[in-house]
Amino acid sequence: MKYWLIKSEGDCYSIGDLKRDKRTAWTGIRNFTARNFMRDGMKKGDLILFYHSNGTPAAPTGVYGVAKVMSAAHIDETALDPKDEHYDPTAAKYAQEGKEPMWMCVDVGFVAAFAHPVLLEAMKRDSKLAAMLVLQRGQRLSVMPVAGHHFRRVLELST
DNA sequence: GCCAACGTTGGC
DNA sequence: GCCAACGTTGGC
């Protein structure tokens with residue numbers, strides 16, 4: 001069992017949206033490192049910290065809940081749809097040529113929304129989370145691995 | 001809105 | 001293969 005963190009802008013797709021939808025394809029990831037984590041690293045049943053980025057004072061940045069990997073990686077159809085905001089002409093060209101899908105995604109399912117979100121500010125103050133990837137300066141990955149002890153610590157802080 | 005950090009692109 | 005330019009992310 002591995003642990004992950006995925007980012008979403010809270011006003012774009014929030015943990016509340018995932019709770020309503022129960023399950024969704026995590027489409028729109030257009031970064032190779034993030035894609036590789038989904039394609040090669042994620043396994044069905046892995047647990048995910050659901051992080052809201054780009055917060056505001058009213059809705060601060062932080063971890064707002066837990067999700068679960070529901071499927072192996074599959075092609076991200078939004079990359080092939082010219083009308084989609086995440087359309088990628090290069091990916092569409094590759095698909096026509098019968099190459100491996102350029103962009104892939106997993107399905108994620110709702111597990112829990114925290115009664116008390118673990119805000120970025122609180123995570124930074126917690127010495128046990130000092131080495132956590134999401135807290136490192138300059139990192140911008142929207143899909144990243146999380147160490148088991150960091151995952152458990154975030155859960156502790158959410159109670 | 002600003003800006004630092006980073007990934008990607010493209011000229012050479 | 002180098003590197004400058006550019007676009008994007010995301011914290012503040």
Side-chain angles (χ1 to χ4, degrees), chain A residues 2-19 21 24-42 46-67 69 73-108 110 113-114 116-147 150-151 153-158:
Chain A
K2 289 190 177 133
Y3 301 95
W4 307 92
L5 180 145
I6 59 176
K7 291 180 185 173
S8 177
E9 298 195 19
D11 55 2
C12 177
Y13 193 86
S14 70
I15 190 72
D17 293 323
L18 183 59
K19 184 175 186 180
D21 296 343
T24 193
W26 204 247
T27 56
I29 303 299
R30 300 290 179 266
N31 171 285
F32 290 109
T33 306
R35 179 207 67 183
N36 291 346
F37 283 136
M38 286 199 290
R39 187 188 65 185
D40 308 328
M42 283 189 177
D46 286 356
L47 291 174
I48 304 168
L49 297 175
F50 196 102
Y51 181 92
H52 290 185
S53 63
N54 270 315
T56 63
T61 297
V63 178
Y64 278 71
V66 176
V69 178
H74 52 80
I75 188 165
D76 180 346
E77 301 285 352
T78 66
L80 310 181
D81 178 0
K83 294 187 295 296
D84 194 280
E85 63 170 320
H86 296 297
Y87 175 62
D88 181 346
T90 307
K93 180 164 160 281
Y94 283 7
Q96 255 184 348
E97 294 166 355
K99 294 185 182 163
E100 288 294 294
M102 184 171 178
W103 300 120
M104 301 184 75
C105 60
V106 298
D107 289 0
V108 302
F110 176 78
F114 291 159
H116 304 286
V118 182
L119 302 185
L120 176 59
E121 189 232 337
M123 294 167 76
K124 282 186 182 168
R125 273 192 278 109
D126 191 273
S127 60
K128 292 182 181 169
L129 295 179
M132 195 174 175
L133 202 53
V134 73
L135 302 180
Q136 304 313 305
R137 182 163 170 270
Q139 71 70 32
R140 299 181 313 168
L141 276 175
S142 55
V143 176
M144 68 177 80
V146 172
H150 288 149
F151 184 89
R153 181 61 180 155
V154 170
L155 290 197
E156 274 178 24
L157 295 175
S158 74

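Model, not experiment: these values are computed from the prediction.
- Across the protein-nucleic acid pair, A:Asn31 atom CG and C:dT9 atom P stand 10 Å apart, rounded to whole Å.
- Put simply, the side chain of A:Asp126 never gets that close to the backbone of A:Met123: no donor and acceptor are under 3.5 Å apart.
- Regarding A:Arg140, its CZ atom lies at a distance of 5 Å from the C1' atom of C:dT9, rounded to whole Å.
- At a threshold of 4.0 angstrom between heavy atoms, the contacts of A:Thr33 with the nucleic acid are absent.
- Proximity of A:Tyr51 to the phosphate of C:dG11: a side-chain N or O atom is located under 4.0 Å from OP1 or OP2.
- Between the P atom of B:dG7 and the CE atom of A:Met144 lies a distance of 12 Å, rounded to the nearest Å.
- Closest approach to the A:Thr61 side chain among C:dG10, C:dG11, C:dC12 is made by C:dG11 (side chain taken as heavy atoms from C-beta onward).
- Remark: P of C:dC12 and CG of A:Leu119 are 12 Å apart, rounded to the nearest angstrom.
- Atom P of nucleotide C:dT9 and atom CD of A:Gln136 are separated by 21 Å, given to the nearest angstrom.
- Note on A:Arg30 versus A:Asp76: salt bridge recorded, some NZ/NE/NH1/NH2 to OD/OE distance being below 4.0 Å.
- We find that A:Arg153 and A:Glu156 are joined by a salt bridge, their nearest charged nitrogen and carboxylate oxygen being less than 4.0 Å apart.
- In terms of phosphate contacts, A:Lys7 brings no side-chain nitrogen or oxygen within less than 4.0 Å of OP1 or OP2 of C:dT9.
- Rounded to whole Å, the distance from CG on A:Leu141 to P on B:dG7 is 7 Å.
- Rounded to whole Å, the distance from CD on A:Gln139 to C1' on C:dT9 is 10 Å.
- Remark: the backbone N or O of A:Met102 is paired with a side-chain donor or acceptor of A:Arg35 at under 3.5 angstrom.
- Taking atom CD1 on A:Ile6 and atom C1' on C:dG10, their separation rounds to 17 Å, with Å as the unit.
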